[in-house]
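Because the structure is a prediction, the values reported are computed rather than measured.
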2 protein chains.
Amino acid sequence: MKRNSRLSLALHTLSHMAGSPGRVRTSSDIAEHAGTNPVVVRRVLGKLREAGLLTSEKGHAGGWRLAREPQNITLADVYLALDERMVATNEASETPACSVEHALQERVSGVLEEIEESLVKRLGETSISEVRGG
Amino acid sequence: MKRNSRLSLALHTLSHMAGSPGRVRTSSDIAEHAGTNPVVVRRVLGKLREAGLLTSEKGHAGGWRLAREPQNITLADVYLALDERMVATNEASETPACSVEHALQERVSGVLEEIEESLVKRLGETSISEVRGG
DNA sequence: AGTAAAGCAACTGGAAAAGTTACGTATGAC
DNA sequence: GTCATACGTAACTTTTCCAGTTGCTTTACT
């Protein structure tokens, strides 16, 4: 796998699940479909569970299930759940020596933040059932 | 440095240069400002030169200069120049075993592609002089 | 009890990017 | 013409991130 693999995995899985909501799927099944392994799947889906998009059950006949109607899960939900800001330069770390640089940093961050927001907004306009269905 | 450092470096440098266009800056100066080293700077700025955003001159009194008016350089120009697609899952690699999966992959790619486009469009609405100036 | 699932922590390995070094090439100053 | 300076580039090293893996625990159904 490569970059953006988490988002890709999440979208594929959710879209797939949107096909038959209510059905339980195990990490192993999902992993096999996605060509990866169960632990990786649990790591990613765990994030989605924290965000309230999925539920999981332990034990025999346990597994993963959609927590909501597929129509009510947007790409923004998925994106935010994974907590990977693509655009924003998150770092507030190194204080720049130059004062011009400092002001500049603020501005750049501001713009990128704004762009991130518009990206999320755009993602919010599509649900996973739309991705699947057509 | 971290992720998105290339974009960050590029934006900071261009914004800074937008302050006094026409002035020449050496890789060393820029590197020092950015807290990195000249070779890295040249690597990144080289991409911007290929895209026609900067010019460089060798030899004594050489260095980097904006190739256009700052107002005519948009964030999209910079982003595209660096050739780093943030959203799109570029891979057309592994042919999925499952046919449903194949169709799904197409759809997901399509959506991500579309989102990438809207991101670029949004980036195109801001010039580096706007980032700097206010 | 036994089996099958998630949860979790720790380690491994590989790839991508930054950083570094070294050398070539071009250009202006003297 | 030669010297200093700056980019251009290639090769190598180091760092960092993340998927992959392993092993163990917990939970729940049969």
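Protein atom CG of Asp29(A) is 13 Å distant from nucleotide atom C1' of dA6(C), rounded to whole Å. Between Leu9(B) atom CG and dA17(C) atom C1' there is a gap of 13 Å when expressed in whole angstrom units. Residue Arg85(A) contributes atom CZ, which lies 19 Å from atom C1' of dC17(D) at whole-angstrom precision. Taking atom CZ of Arg65(B) as the reference point, atom C1' of dA6(D) lies 13 Å away to the nearest angstrom.
Within the model, atoms CZ of Arg85(A) and CG of Leu80(A) stand 6.0 Å from one another, a figure rounded to the nearest 0.5 Å. For the atom pair OG1 of Thr74(B) and CG of Asp77(B), the computed distance is 3.5 Å after rounding to the nearest 0.5 Å. One finds the CG atom of Leu9(B) at 12.5 Å from the NE2 atom of His33(B) (value rounded to the nearest 0.5 Å). Atom-to-atom distance recorded for Leu14(B):CG and Ser127(B):OG is 11.0 Å, nearest 0.5 angstrom. With rounding to the nearest 0.5 angstrom, the CZ atom of Arg23(A) is 7.5 Å from the CG atom of Asp29(A).
Residues Arg25(A) and Ser20(A) have side chains in contact (heavy-atom distance under 4.5 Å, counting atoms from C-beta outward).
A close approach under 4.0 Å does occur between a side-chain nitrogen or oxygen of Ser5(A) and OP1 or OP2 of dA19(D). Between Thr36(A) and dG20(D), a side-chain N or O to OP1/OP2 separation shorter than 4.0 Å is present. Between Arg42(B) and the phosphate of dC7(D), there is a side-chain N or O to OP1/OP2 separation shorter than 4.0 Å. Considering only side-chain N and O atoms, Ser56(B) lies nowhere under 4.0 angstrom from the phosphate OP1 or OP2 of dA6(D).
The nearest heavy atom of DNA chain C to Glu57(A) and to Glu57(B) marks one nucleotide each, and the one closer to the 5' end goes with Glu57(A).
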Could you tabulate the donor-acceptor pairs under 3.5 Å formed by side-chain atoms of residues 49-60 of chain B, not counting sequence neighbours?
{"unit_1": "Arg49(B)", "atom_1": "NH1", "unit_2": "Ser56(B)", "atom_2": "OG", "d": "3.0"}

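Residues of residues 43-54 of chain B that place a heavy atom closer than 4.0 Å to DNA chain D, in numerical order, are Arg43(B), Arg49(B).
Here dG19(C) is the nucleotide among dG7(C), dG19(C), dG20(D) with the atom lying nearest to any side-chain atom of Asn37(B). Each of dT21(C), dG19(C), dC18(D) was ranked by its minimum atom distance to the side chain of Val39(B); first place goes to dT21(C).
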| said: Please determine whether side-chain contact (heavy atoms from CB on, under 4.5 Å) holds for the pair Ile30(B) and Thr36(B), giving the CA-CA distance in whole Å, both sets of side-chain angles, and the decisive distance to 0.1 Å. | reply: CA-CA 8 Å; Ile30(B) 296 168; Thr36(B) 180; over 6 Å; no

Which pairs, protein N/O on one side and nucleotides 2-5 of chain D N/O on the other, fall under 3.5 Å?
{"unit_1": "dT5(D)", "atom_1": "O2", "unit_2": "His60(B)", "atom_2": "N", "d": "3.3"}

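With hydrogens and angles ignored, the 3.5 Å screen pairs no side-chain donor or acceptor of Thr126(B) with any backbone N or O of Leu123(B).
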